[in-house]
There are 2 protein chains.
Amino acid sequence: MNAHNDILKKSGLSVTESRKKILELFFDSDGALAHADIEKNTDAAFDRVTVYRTLQTFVEKGIIHQIPTTDNSILYALCKHNCQQGHHHDNHVHFICNKCDKTFCLDDVTVPEVKLPQGFSPAQAAMVVTGLCEECKL
Amino acid sequence: MNAHNDILKKSGLSVTESRKKILELFFDSDGALAHADIEKNTDAAFDRVTVYRTLQTFVEKGIIHQIPTTDNSILYALCKHNCQQGHHHDNHVHFICNKCDKTFCLDDVTVPEVKLPQGFSPAQAAMVVTGLCEECKL
DNA sequence: TTAAAACTTGCAACAATAGTGCAAAAATAT
DNA sequence: ATATTTTTGCACTATTGTTGCAAGTTTTAA
């Protein structure tokens, strides 16, 4: 009985091969993952549809969160802080490297509050910074 | 000779029906537009491919910019401030309404600076706030 | 421990979205 | 006005995401 299984159980999910493997992938990766990355890293052991559904489920259960991008893809990353079902707290800044295209969750950098114009009622804020990462800057 | 044509010429682009019309659409719209919105609003007068290419070209030339979303779509909006080719300055916050799904460019709300961890070299920052807009809040 | 119930998966089909090569058409330059 | 350059539209292909349903797996509870 390992920690990953516990996460699944706590979320009320059945413990299956695909879920275990995909969750493991997220823990092994330091950055964020796109659907395509997951298919690649599982050697297509699971159906494309299963991957889609697993990701959806994980988002719903607050295990992972989505990261907005401008390139018509969705990136997913582990929710490291206390996310609950239906209520995410992924209020950290994301960094995407222009050179290696890796995405980093800057867990220690929180998204700053901004004052919105009259009438706008905020629920969630996301921030994505692009540039060069440590590796690529050298 | 109108202002829109000048924008195209200044960017070194031929002045064509599709470009004029699509640029006009952006000026007439207060929010951001997705590819689909543009096709709808032009009554499919232009080929889908033409719309794709026009948007790409406009982004390259710094006429419009892309807005990141978490729903696997790209939104585009006019660069109101001094954007140049290859170097965007769309440093304002975007607001997406959860109810009506409209996107607003909050031109007066600039993206705040954040301190990044050692090693990260920022080039651009984007911020998207979701919630309820003026209309939908009522 | 096993059988029933509940849930998850994979397949097939479908739908929507995006990209490419190339000939025809339009815009620009001479 | 015509040659050159650029842009467009079509046909085709690729990628990405969704749905229904039967078969398979996991969980529950006797």
Side-chain angles (χ1 to χ4, degrees), chain A residues 1-2 4-25 32-61 63-64 66-76 85 101 103, chain B residues 1-2 4-25 32-61 63-64 66-76 85 101 103:
Chain A
M1 180 66 55
N2 67 42
H4 298 175
N5 292 13
D6 284 354
I7 292 174
L8 294 173
K9 288 206 175 150
K10 263 182 206 148
S11 303
L13 296 172
S14 304
V15 177
T16 65
E17 279 309 306
S18 47
R19 285 174 182 165
K20 276 193 285 184
K21 180 67 190 170
I22 291 173
L23 193 52
E24 205 181 298
L25 265 183
L33 298 172
H35 175 97
D37 297 322
I38 291 162
E39 283 205 273
K40 221 173 288 164
N41 284 295
T42 51
D43 291 317
F46 311 110
D47 194 86
R48 211 161 43 84
V49 178
T50 301
V51 177
Y52 278 118
R53 289 198 272 227
T54 303
L55 290 172
Q56 273 171 20
T57 307
F58 283 5
V59 170
E60 276 163 26
K61 298 296 181 182
I63 298 171
I64 59 176
Q66 298 177 311
I67 303 171
T69 66
T70 48
D71 72 339
N72 226 58
S73 73
I74 309 179
L75 289 173
Y76 301 86
Q85 179 160 352
D101 277 330
T103 299
Chain B
M1 181 64 55
N2 67 46
H4 298 175
N5 292 15
D6 284 354
I7 292 174
L8 295 173
K9 288 207 174 151
K10 262 180 206 151
S11 302
L13 297 172
S14 304
V15 178
T16 65
E17 279 309 305
S18 46
R19 287 175 181 164
K20 275 193 285 182
K21 179 69 189 170
I22 291 172
L23 193 52
E24 205 181 298
L25 266 183
L33 298 172
H35 176 97
D37 297 322
I38 291 162
E39 282 206 272
K40 222 173 288 163
N41 284 294
T42 51
D43 293 315
F46 310 110
D47 194 84
R48 211 165 39 82
V49 179
T50 301
V51 176
Y52 280 118
R53 290 199 271 227
T54 303
L55 289 173
Q56 273 171 20
T57 307
F58 282 6
V59 170
E60 276 163 27
K61 297 297 181 181
I63 298 171
I64 59 176
Q66 298 176 310
I67 303 171
T69 66
T70 47
D71 72 339
N72 226 54
S73 71
I74 310 179
L75 289 173
Y76 301 86
Q85 179 160 354
D101 277 332
T103 299

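Proteins come first, then strands; the chains are lettered A, B, ... in the order of their sequence lines, and each starts at number 1.
Between B/Glu17 and B/Tyr52, it is B/Tyr52 whose nearest contact on DNA chain C lies nearer the 5' terminus. Each of B/Val15 and B/Val49 has a nearest nucleotide on DNA chain C; the 5'-most of these lies closest to B/Val49. For the pair B/Ala45 and B/Ser14, both in contact range of DNA chain D, the more 5′-proximal nearest nucleotide belongs to B/Ser14.
A/Leu23 places none of its side-chain heavy atoms less than 4.5 Å from the side chain of A/Thr54. Contact check for B/Lys61 versus B/Leu13: side-chain heavy atoms found under the 4.5 Å cut-off.
B/Arg53 comes within 4.0 angstrom of a base, heavy atoms only. If you check every strand for non-hydrogen atoms under 4.0 Å, B/Glu39 touches nothing. Backbone-only contact: A/Ser18 has heavy atoms under 4.0 Å from sugar-phosphate atoms and none from a base. Counting non-hydrogen atoms under 4.0 angstrom, A/Arg48 reaches a base of the nucleic acid.
Protein atom CZ of B/Phe46 is 13 Å distant from nucleotide atom C1' of C/dA26, rounded to whole Å. Between the OH atom of A/Tyr76 and the C1' atom of D/dT16 there is a distance of 11 Å, rounded to whole Å. In this structure, CG of B/Leu13 is placed 9 Å from P of D/dT8, rounded to the nearest angstrom. Distance A/Lys21 NZ to C/dT9 P: 15 Å, rounded to the nearest Å. In this structure, the NZ atom of A/Lys20 is 8 Å from the P atom of D/dT26, given to the nearest Å. Distance, A/Asp47 CG to D/dA22 P: 17 Å, rounded to whole Å. If you take CG of A/Leu8 and P of D/dT26, they are 12 Å apart, rounded to a whole angstrom. Distance NZ (A/Lys9) to P (C/dT8): 14 Å, rounded to an integer number of Å.
No donor-acceptor pair under 3.5 Å is formed between the side chain of B/Asp43 and the backbone N or O of B/Ala45. Looking at B/Thr57, its side chain does come within 3.5 Å of a backbone N or O of B/Arg53 through a donor-acceptor pair.
Residue B/Gln56 has no polar side-chain atom (N or O) positioned under 4.0 Å from OP1 or OP2 of C/dA18.
Counting all heavy atoms, side chain and backbone alike, B/Phe58 lies closest to B/Arg19 at CZ-O, 3.8 Å.
Nearest to the side-chain atoms of A/Thr16 among the listed nucleotides D/dT26, C/dG10, C/dA27 stands D/dT26.
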